[in-house]
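Below, each value reflects all heavy atoms present in this structure, side chains not excepted, and no hydrogens, waters or symmetry copies. We name chains A, B, ... by the order of the sequence lines, and we start the count at 1 in each one.
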Amino acid sequence: MRIRFTLNGKTVQVDAEPETRLSEILLHELAVASLRQDCSEGRCGSCLVIFEGMIVSSCMIPMFRVLGTEVTTVEGLFGSKDLRDIERGFQRSGFEPCRYCAAPKTLLTHAIISENTSPREEELQVQAQAVRCRCTSYQHFLEAIRNAAKQRRSRSGDT
Amino acid sequence: MPQSNDVHEAGTRKRSTPKVYIPHSQNELLQLLRRHPESRIYAGGTALSSLEETGRLRLPSTIVALYGVDDLRRIARTDRYLEIGANATIRAVSRVGSNVIPGTLYDCLPHIVPPGLRTVATLVGNVCVPGTSTTSIAPLIALGSSLEIRRVGGNKWMTVQRFRSGENALLQPGEVVTRLRIPLAPWDAQVYRTSEDGRIGFAAIARRTKGGVDAVRIVIGTRLPEVIHNRELDAELTGRKLPLPERDIAAAAERMRNTAREHDPGFSNFDLYRIESLVSWFLRSLTRR
């Protein structure tokens with residue numbers, strides 16, 4: 001089955017069986033370097049992507065579902081002001097995730113603050129659990145997201 | 001879409017490629033289900049997609065996907081009900097907010113699937129998947145929720161309790177759940193608690209008037225598809241004056257423990273102790289609230 005979709009703003013076309021995982025295609029067909037596939041059941045968060053504007057574990061998305069959709073990985077943020085806000089927010093918090101989870105935590109932060117630059121605390125606490133790696137403390141990650149949101153607000157002129 | 005039933009060299013039968021149908025309206029969906037009664041319905045797909053050692057998901061051979069039907073994403077509120085479409089994701093439901101979603105259900109939402117799947121998994125999907133009843137089933141039964149089941153030429157409403165009771169084998173061929181309806185009654189005490197190992201989901205709601213218990217429902221989800229719901233106990237607690245005497249609380253907790261033991265002989269003593277403790281805690285909390 002030939003599947004065409006948009007990856008990081010560019011149209012790509014792959015031959016895949018409908019039940020192939022999106023993570024598998026991103027890793028092995030499209031060589032997306034930021035992605036990892038660990039638990040393969042949507043728990044660890046190492047394969048997070050933004051799929052149709054929503055953060056989701058790509059290992060649980062079959063390729064038939066991807067037809068005609070838009071997928072963003074952290075590579076899609078490279079060079080953007082959005083990524084700079086997140087990096088500054090992380091630096092300001094002294095937050096340094098490990099190489100294993102830096103990409104999914106960055107993407108998750110982007111998804112959270114793109115939706116709402118003043119995320120509700122309750123919602124933030126649920127969403128931040130999407131990446132299971134505990135190389136840094138959970139509270140520290142929450143603080144980094146809050147700082148990144150603050151950077152985004154100050155850039156966009158919100159108070 | 002090509003289909004193959006080739007035989008591997010090792011002699012095992014190769015799994016066939018699933019056929020996927022994507023309807024764009026409810027009518028089209030019902031027609032497809034009539035034509036393909038063997039098909040499975042794909043909403044969020046998180047339960048349907050079981051694991052496989054390769055890079056593929058193991059999907060049923062024929063799938064009818066709901067994501068093309070916009071109607072089914074709708075979440076509507078009336079004076080008396082909250083109605084949730086079959087394709088409304090858990091994230092969309094939680095965004096409605098704790099001021100609208102009944103507390104016992106709202107507290108349960110983060111426990112249904114891992115956070116990375118909340119944007120695709122659906123609440124109705126969680127109700128329809130046979131298996132454990134530890135997450136949304138217990139709160140929905142406590143709240144008296146029902147499901148709209150449609151097929152070509154008709155529709156019916158069925159309570160979630162009846163749907164999960166095993167009498168109806170969930171869905172008949174050609175049928176699909178299109179809506180979940182949750183009554184918005186003014187319950188003033190609502191809780192949901194789950195054990196860290198996911199073996200128990202405890203939902204309890206109560207309404208108090210004039211220093212007494214006007215109505216109470218205690219439902220416990222277990223690793224079995226059916227829940228523990230002792231209606232006699234609910235009826236006995238209804239109409240009682242507050243504060244409940246300690247001996248009555250202990251007797252109610254003991255009864256729930258016995259009901260749980262009969263329901264699932266596989267419960268450990270620790271599970272039974274937890275059930276007893278949760279019932280006692282909730283009944284005591286009615287006085288404190």
Side-chain angles (χ1 to χ4, degrees), chain A residues 1-3 16-29 37-69 104 107-108 111-112 115-116 119-120 122-132, chain B residues 1-4 14-22 42-68 73 87 89-92 94-99 101 106-121 125:
Chain A
M1 175 184 192
R2 183 154 292 185
I3 295 165
E17 295 299 322
E19 72 271 37
T20 308
R21 301 167 192 272
L22 170 59
S23 57
E24 195 71 19
I25 294 295
L26 293 176
L27 273 169
H28 301 303
E29 297 284 326
Q37 191 169 257
D38 191 7
C39 72
S40 296
E41 51 182 44
R43 291 185 182 278
C44 69
S46 55
C47 64
L48 287 181
V49 295
I50 297 178
F51 174 71
E52 293 188 298
M54 299 282 190
I55 196 90
V56 67
S57 298
S58 58
C59 64
M60 294 300 282
I61 303 291
M63 280 309 285
F64 77 80
R65 183 74 183 79
V66 180
L67 189 70
T69 62
L107 200 65
L108 179 61
I112 291 171
E115 194 178 302
N116 185 356
R120 281 189 304 136
E122 190 185 356
E123 188 65 24
L124 188 63
Q125 291 194 7
V126 174
Q127 288 209 53
Q129 292 175 31
V131 183
R132 284 286 169 94
Chain B
M1 206 168 286
Q3 191 168 7
S4 60
K14 189 180 171 183
R15 180 178 34 74
S16 61
T17 301
K19 287 181 187 170
V20 183
Y21 297 96
I22 306 169
Y42 181 100
T46 52
L48 210 54
S49 317
S50 60
L51 288 175
E52 192 156 335
E53 62 281 358
T54 65
R56 293 176 180 185
L57 293 158
R58 183 176 294 159
L59 296 172
S61 58
T62 310
I63 294 167
V64 176
L66 299 186
Y67 60 81
R73 287 196 195 138
N87 206 29
T89 63
I90 289 166
R91 171 124 173 80
S94 69
R95 283 177 64 102
V96 173
S98 55
N99 53 338
I101 306 281
Y106 190 81
D107 290 348
C108 143
L109 293 175
H111 301 283
I112 298 176
V113 285
L117 297 177
R118 293 173 78 223
T119 50
V120 287

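The heavy-atom pair separating B:Pro114 from A:Gly42 by the smallest distance is CB-O, 3.3 Å. Here the closest non-hydrogen pair linking A:Arg65 and B:Tyr42 is CD-CE2, 4.1 Å. Taking all atoms of both residues into account, the shortest heavy-atom contact from A:Glu123 to B:Ser94 is OE1-OG, 4.3 Å. Summarising the geometry of A:Glu19 relative to B:Pro18, their closest heavy-atom pair is OE1-CD, 3.3 Å, with the distance given to 0.1 Å.
The local environment of CZ in B:Arg73 is crowded, with over 12 non-hydrogen atoms from other residues, nucleotides or ligands closer than 6.0 Å.
Atom CZ in A:Phe51 sits 9.0 Å away from atom OG1 in B:Thr119 (nearest 0.5 Å). Taking CZ of B:Arg91 as the reference point, atom CD of A:Gln127 lies at 4.0 Å (rounded to 0.5 Å).
For A:Cys44, no part sits under 4.5 Å from any heavy atom of chain B, backbone or side chain. For a residue to count as touching a neighbouring chain, one of its non-hydrogen atoms must lie under 4.5 Å from one of that chain's; by this rule A:Ile61 touches chain B with backbone and side chain alike. Neither the backbone nor the side chain of A:Gln125 comes within less than 4.5 Å of any heavy atom in chain B.
Note on A:Arg132, A:Met63, A:Met54: by heavy-atom pairs under 4.5 Å with chain B, the leading option is A:Met54.
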Review point. Could you go step by step and tell me if A:Glu122 and B:Tyr106 meet the side-chain hydrogen bond (donor to acceptor under 3.5 Å, both in side chains) rule?
Key: CA-CA 12 Å; A:Glu122 190 185 356; B:Tyr106 190 81; 3.2 Å; yes
Point to revise | Steps toward side chain to side chain contact (heavy atoms under 4.5 Å, CB included) verdict (B:Thr17, A:Met1) | key: CA-CA 10 Å; B:Thr17 301; A:Met1 175 184 192; over 6 Å; no
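When atom types are taken as modelled, the side chain of A:Ser57 and the backbone of B:Leu117 share no donor-acceptor pair closer than 3.5 angstrom.
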